[in-house]
Amino acid sequence: MTAIQGEHLSLQRGYFQLDDVNITLPAGQLTAIVGPNGSGKSTLLRILTRLLKQDQGEVSVLGKPVEKYKRRDLAQTITMLPQMKDMLPLLTVRELVAYGRSPHAKGLRTRPTRQDQQIVDHVMEITSIMPYADRMFHTLSGGEQQKARIAMALAQQTDILLLDEPTTFLDITHQFEVMDMLRRINHESGLTIVMVLHDLQQAAAYCHHMIALKRGRIAIAGEPRQILTSAFLRDIYEMNATIKFEGGYPVIIPTIPHHSGGI
Ligand SMILES: Nc1ncnc2c1ncn2[C@@H]1O[C@H](COP(=O)(O)OP(=O)(O)OP(=O)(O)O)[C@@H](O)[C@H]1O
């Protein structure tokens, strides 16, 4: 089953052109969208979530054209967590997570229901942020903040979660903690998770499916361990490297030119 389908998507933004992109995001899987800086990853995510309108092409979400969704129905189906730098609200962690329930509020009701509270508690448990529930969000470390933001997105209880660079700015321990957590949630609940990632090793180790963009076009898509090759790195990132699998984990070994007199 397909979670999101984009057909012949094009958009001109200044000098940048997203050019006839055809994309299929499988339901119930972890998908990585990768590609060099400025290749159009965030632009594509924003089109897929109707935050940006394409010049041409169609997007369908769970088989239904995205423009046929009422705003509230779409917010109950799909959520996108933007990059971390975009958000620093003056709320407690619990208030922030509860904010994820807003698409489910009935009428003008602003007070959370008992069910809302149970969902908020549940997502704070599974993201291990319960100990910070009453702390102000801005006092948390980067890794704790990212888990709180993910909890807020999970509280929205959508079928599809899109994350723009969920591990950027995190130290290596927190990067793996977040990736492990997302894989566990996908495995346990079948939530469709789509992430823009810069770390190709993590993308290949954790994701079922990988889509690479280059200069506004889809360069290649497929099973990450199959497509992550030296040719992939040369064609898409213009770098020379070899790839080894150590204990099943892909390791990129760059070819570093030797300069006389260097280290
Ligand atoms: N509002 C805008 N006006 C003009 N150009 C824009 C606008 N927004 C984005 N762009 C350009 O579109 C291109 C693609 O941007 P986008 O943010 O989608 O790339 P990205 O692949 O997500 O990059 P990164 O990995 O650096 O986050 C970039 O060259 C960017 O400068």
Side-chain angles (χ1 to χ4, degrees), residues 1-14 16-33 35 39-83 86-87 97-110 112-113 115-116 119 123 149-166 182 185-186 189-196 207-213 216-218 221:
M1 194 185 161
T2 299
I4 307 181
Q5 178 107 39
E7 288 176 295
H8 303 296
L9 298 173
S10 296
L11 176 70
Q12 186 80 43
R13 287 190 105 188
F16 175 77
Q17 161 129 48
L18 196 73
D19 191 9
D20 196 25
V21 165
N22 290 296
I23 186 169
T24 301
L25 300 170
Q29 297 205 347
L30 287 161
T31 297
I33 299 180
S39 55
K41 303 179 296 297
S42 301
T43 303
L44 181 59
L45 277 201
R46 291 170 66 79
I47 289 174
L48 296 177
T49 50
R50 216 173 64 180
L51 292 170
L52 203 57
K53 177 74 182 144
Q54 66 274 20
D55 297 333
Q56 277 164 26
E58 305 294 330
V59 176
S60 55
V61 173
L62 300 178
K64 179 169 149 182
V66 75
E67 66 277 1
K68 294 252 166 83
Y69 279 82
K70 290 186 184 138
R71 185 172 290 273
R72 186 184 162 88
D73 292 341
L74 191 63
Q76 291 183 11
T77 308
I78 184 166
T79 186
M80 182 173 110
L81 206 52
Q83 293 180 13
D86 296 340
M87 188 171 122
V97 176
Y99 192 70
R101 296 300 302 153
S102 30
H104 297 270
K106 299 229 164 44
L108 294 173
R109 176 178 60 74
T110 49
T113 63
Q115 191 198 12
D116 289 332
I119 291 167
V123 297
R149 297 170 78 246
I150 292 171
M152 177 188 69
L154 293 174
Q156 209 168 318
Q157 289 205 308
T158 55
D159 302 286
I160 305 162
L161 170 61
L162 293 97
L163 304 130
D164 198 351
E165 299 189 24
L182 292 170
I185 291 166
N186 162 264
S189 68
L191 178 67
T192 301
I193 300 180
V194 180
M195 317 178 238
V196 169
C207 295
H208 305 107
H209 190 59
M210 184 157 87
I211 297 164
L213 281 179
R217 288 175 151 255
I218 303 274

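What's counted below: heavy atoms across the whole structure, side chains too, no hydrogens, waters or symmetry copies. Please read these numbers as outputs of a predicted model, since none were measured by experiment.
- Between the side chain of Q76 and the backbone N or O of P103 there is at least one donor-acceptor pair closer than 3.5 Å.
- Put simply, the side chain of L191 does not reach to within 4.5 Å of the side chain of D159, judged on heavy atoms.
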*asked:* Using side-chain contact (heavy atoms from CB on, under 4.5 Å), reason through I33 and I23 one step at a time and then give a plain yes or no.
replied: CA-CA 10 Å; I33 299 180; I23 186 169; 4.3 Å; yes
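- Interatomic distance, CG of L182 versus CD1 of I193, reported as 5.0 Å (0.5 Å rounding).
- With values rounded to the nearest 0.5 angstrom, M80 atom CE is found 7.0 Å from S42 atom OG.
- Remark: the backbone N or O of Q5 is not paired with any side-chain donor or acceptor of T24 at under 3.5 angstrom.
- Closest approach of C207 and L30 over heavy atoms only: CB-O, 3.5 Å.
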*Show your working on side-chain contact (heavy atoms from CB on, under 4.5 Å) between L62 and M1 and close with a plain yes or no.*
CA-CA 8 Å; L62 300 178; M1 194 185 161; 3.9 Å; yes
_Between H8 and N22, is the side-chain contact (heavy atoms from CB on, under 4.5 Å) condition met? List the steps._
CA-CA 5 Å; H8 303 296; N22 290 296; 3.8 Å; yes
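- Between the side chain of R149 and the backbone N or O of P82 there is at least one donor-acceptor pair closer than 3.5 Å.
- Across A151 and V123, no two heavy atoms sit closer than the pair O-CG2, 3.5 Å.
- By the 4.5 Å heavy-atom criterion applied to side chains, L154 and L161 are counted as neighbours.
- The distance from the CD1 atom of I150 to the CG atom of L163 is 5.5 Å, given to the nearest 0.5 Å.
- Other residues, nucleotides and ligands place no more than 12 heavy atoms under 6.0 Å from the CD atom of Q56.
- In this structure, the separation between CG on L74 and NZ on K64 is 9.0 Å, given to the nearest 0.5 Å.
- The backbone N or O of Q156 sits less than 3.5 Å from a side-chain atom of H104, completing a donor-acceptor pair.
- Under the 3.5 Å distance criterion, the side-chain polar atoms of N186 are matched with a main-chain donor or acceptor of G28.
- Counting heavy atoms of neighbouring residues, nucleotides and ligands inside a 6.0 Å radius, atom OH of Y99 does not exceed 12 of them.
- Rounded to the nearest 0.5 Å, atoms CD (Q157) and OG1 (T77) are 12.5 Å apart.
- Looking at heavy atoms from C-beta onward, K41 lies in side-chain contact with S39 at the 4.5 angstrom threshold.
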*What's the verdict on side-chain contact (heavy atoms from CB on, under 4.5 Å) for L25 and I211, showing C-alpha distance, side-chain angles and the deciding distance?*
CA-CA 9 Å; L25 300 170; I211 297 164; 3.6 Å; yes
What side-chain donor-acceptor pairs closer than 3.5 Å can you find for residues 43-55, not counting sequence neighbours?
from : atom 1 : to  : atom 2 : distance (Å)
T49  : OG1    : L45 : O      : 2.8
T49  : OG1    : R46 : O      : 3.3
R50  : NH1    : V66 : O      : 2.9
R50  : NH1    : Y69 : O      : 3.0
Q54  : NE2    : G57 : O      : 3.0
D55  : OD2    : Q12 : N      : 2.9

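- To the nearest 0.5 Å, atoms OG1 (T192) and CD1 (I160) are separated by 5.5 Å.
- The backbone N or O of D116 sits less than 3.5 Å from a side-chain atom of T113, completing a donor-acceptor pair.
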